[in-house]
Amino acid sequence: MKIYPAFLSFLFITIFISPSVSGHCNAQDKKVLLKIKKALGNPYLLASWDPKTDCCGWYCLECHPNTHRVVSLTLFSDDRLTGQIPPEVGDLPYLETLLFRHLPNLNGTIQPAIAKLKNLKTLRLSWTNLSGPVPNFLSQLKNLTYLDLSFNNLSGSIPSSLSTLPNLEALHLDRNKLTGIIPESFGMFPSKNLYLFILSHNKLSGTIPASLANMDFNTIDLSRNLLEGDPSVLFGPNKTTFEIDLSRNMFQFDLSKVQFPKSLARLDLNHNKITGSIPAGLTDLELQFMNVSYNRLCGQIPVGGRLQSFDYSTYFHNRCLCGAPLDTCK
């Protein structure tokens with residue numbers, strides 16, 4: 001039988017090229033992923049995880065374009081996914097992103113095997129039913145830039161060891177049941193790029209560590225805790241902070257003595273025990289939002305800037321504030 005060159009070309013492509021196209025997935029990663037699927041009860045979210053197909057094409061995954069190792073695992077928005085975080089997640093050594101989000105039936109504690117993921121840059125375990133402490137072992141993830149453990153049922157104190165993370169840029173521990181103080185070590189993060197510092201909606205107590213004067217956050221949200229004392233170290237004319245929310249705590253300090261960053265655009269201090277008057281320096285800021293209601297402020301609201309563009313609800317329920325948009329001073 002005569003074999004034509006065209007047929008030989010087709011045979012070559014079929015035998016030698018096609019397997020490499022469909023066989024990108026690393027065999028060990030694939031084995032681990034199938035164990036993860038089984039541990040989670042074979043949820044519909046992972047229906048595309050078919051052992052007969054290339055795992056780099058599966059939903060909720062991303063592989064590195066050159067090595068074809070799994071670098072991202074993102075499971076989200078499925079109330080039928082139940083169980084705990086499978087320990088097998090720690091057996092994906094090239095993982096850079098791990099996300100379990102909007103999974104209300106995911107329970108248990110934060111899986112210790114996560115400490116094995118030395119390449120991890122983003123860890124988001126949020127909007128789940130995870131409980132237990134914020135674990136110390138997270139400080140072993142030295143490449144971590146984004147840590148989000150918000151909207152869970154985590155309890156206990158915040159480990160001071162988190163401040164040893166050298167590359168951290170965002171910390172979300174909000175909407176949990178955390179107690180105790182803000183660690184003094186949090187003013188000593190090696191990275192000067194920590195731009196999100198969100199600890200709101202917990203049961204944190206005590207005062208603001210003096211060491212936080214060393215930090216220059218873009219956004220600070222400590223609202224709805226049991227914090228007290230003077231948080232003035234969070235402010236300062238040389239900082240580049242965009243937003244500060246200290247509302248619904250028990251802070252007690254003289255607002256007239258505070259120097260504000262020129263970059264400040266959002267300021268929420270409502271429901272505290274703040275005294276003094278509103279400083280004229282606020283008229284120099286391009287404020288987009290402000291709320292100082294339910295405090296113990298007195299004196300005339302300075303005229304100028306954006307201060308008169310806010311309505312009375314920004315200022316009401318203070319001891320003796322006056323002037324537009326409130327009643328005229330007597």
Side-chain angles (χ1 to χ4, degrees), residues 169-172 174 182 187 192-201 207-225 227-330:
E169 297 176 1
L171 179 63
H172 282 268
D174 45 308
I182 299 173
K192 298 307 175 187
N193 299 317
L194 184 57
Y195 62 93
L196 291 178
F197 187 64
I198 315 295
L199 308 180
S200 66
H201 293 77
T207 60
I208 300 299
S211 63
L212 288 187
N214 301 324
M215 302 301 296
D216 186 9
F217 305 110
N218 176 276
T219 298
I220 305 168
D221 188 352
L222 305 179
S223 63
R224 293 179 184 266
N225 278 290
L227 298 165
E228 57 188 7
D230 186 349
S232 297
V233 296
L234 300 175
F235 301 90
N238 297 322
K239 297 194 177 186
T240 60
T241 309
F242 175 83
E243 178 175 3
I244 297 179
D245 189 346
L246 306 179
S247 63
R248 294 182 182 271
N249 279 284
M250 297 184 290
F251 290 123
Q252 191 167 0
F253 63 104
D254 186 341
L255 187 64
S256 63
K257 296 180 179 179
V258 174
Q259 290 184 290
F260 295 94
K262 297 295 184 183
S263 55
L264 193 65
R266 298 182 63 85
L267 176 65
D268 196 344
L269 302 174
N270 79 80
H271 285 84
N272 280 287
K273 301 176 181 180
I274 302 170
T275 58
S277 58
I278 296 177
L282 285 176
T283 62
D284 298 328
L285 307 183
E286 293 294 325
L287 289 169
Q288 300 171 11
F289 175 85
M290 188 174 85
N291 191 344
V292 295
S293 64
Y294 290 91
N295 279 291
R296 300 171 181 177
L297 297 170
C298 269
Q300 181 170 354
I301 298 170
V303 177
R306 303 293 304 279
L307 297 190
Q308 277 66 50
S309 68
F310 304 116
D311 64 25
Y312 76 100
S313 65
T314 293
Y315 303 103
F316 70 172
H317 284 278
N318 273 286
R319 182 170 288 163
C320 45
L321 274 184
C322 60
L326 300 180
D327 293 340
T328 304
C329 297
K330 298 178 181 178

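With contacts defined as side-chain heavy-atom distances shorter than 4.5 Å, the pair Leu326/Asn318 does not qualify. For the pair Phe253 and Ile274, the minimum side-chain heavy-atom distance is below 4.5 Å. When side chains are defined from C-beta on, Val303 counts as touching Gln308, because their heavy atoms get closer than 4.5 Å. Annotation: side chain of Asp174 is not in contact with side chain of Asp221 (no heavy-atom distance under 4.5 Å). Looking at Arg266 and Phe242, their side chains come closer than 4.5 Å, going by heavy atoms from C-beta outward. Within the 4.5 Å cutoff, no side-chain heavy atoms of Ser309 are placed close to those of Leu287. With a 4.5 Å cut-off on side-chain heavy atoms, Ser223 and His201 count as touching. With a 4.5 Å cut-off on side-chain heavy atoms, Gln252 and Arg296 count as touching.
The OG1 atom of Thr275 sits 7.5 Å away from atom CG of Leu297, with the distance rounded to the nearest 0.5 Å. Rounded to the nearest 0.5 Å, atoms CG (Leu199) and CZ (Arg224) are 15.5 Å apart. Taken to the nearest 0.5 Å, the CE atom of Met250 stands 5.0 Å off from the CD atom of Glu228. Of the inter-residue distances, the one linking Lys257 atom NZ with Ser277 atom OG reads 10.5 Å to the nearest 0.5 angstrom. The CG atom of Asn270 sits 7.5 Å away from the CG atom of Asn295 when rounded to the nearest 0.5 Å. Here the straight-line distance linking atom CD1 of Ile244 with atom CG of Leu264 works out to 5.0 Å at 0.5 Å rounding.
With no hydrogens or angles considered, a side-chain donor-acceptor pair links Thr240 and Asp216 at under 3.5 Å.
Pairing each heavy atom of Leu246 with each of Asn272, the nearest pair is O-ND2, 3.1 Å. When all heavy atoms of Leu282 and Leu267 are compared, the closest pair comes out as CD2-CD2, 4.4 Å. Here the closest non-hydrogen pair linking Thr241 and Ser263 is O-OG, 2.7 Å. Here the closest heavy-atom approach between residue Leu196 and residue His172 is recorded as CD1-NE2, 3.7 Å. Taking both residues in full, the closest heavy atoms of Phe217 and Leu194 are given as CD2-O, 3.3 Å, listed atom of the first, atom of the second, then distance. Closest approach of Pro325 to Ile301, counting heavy atoms only: CD-CD1, 4.1 Å.
Counting heavy-atom neighbours within 6.0 Å of Phe316 CZ, excluding the residue itself, gives a total above 12. At most 12 non-hydrogen atoms from other residues, nucleotides or ligands lie less than 6.0 angstrom from CG of Asp327.
In this structure, the side chain of Lys239 engages the main chain of Met215 through a donor-acceptor pair within 3.5 Å. A donor-acceptor distance shorter than 3.5 angstrom exists from the side chain of Asn249 to the backbone of Ser247, with no hydrogens or angles considered.
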Inset, instruction - Could you walk me through whether Leu285 and Arg306 pass the side chain to side chain contact (heavy atoms under 4.5 Å, CB included) test, one step at a time? - result: CA-CA 8 Å; Leu285 307 183; Arg306 303 293 304 279; over 6 Å; no
Inset, instruction - Decide side chain to side chain contact (heavy atoms under 4.5 Å, CB included) for Leu269 and Leu255; before the verdict, give the C-alpha distance in whole Å, the side-chain angles of both, and the deciding distance to 0.1 Å. - result: CA-CA 10 Å; Leu269 302 174; Leu255 187 64; 3.8 Å; yes
Inset, instruction - Verify side chain to side chain contact (heavy atoms under 4.5 Å, CB included) between Tyr315 and Met290, making sure each step is shown before the conclusion. - result: CA-CA 9 Å; Tyr315 303 103; Met290 188 174 85; 3.4 Å; yes
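Using cut-offs of 30° and 60° for the angle between ring planes, the Phe260 and Phe235 rings count as perpendicular.
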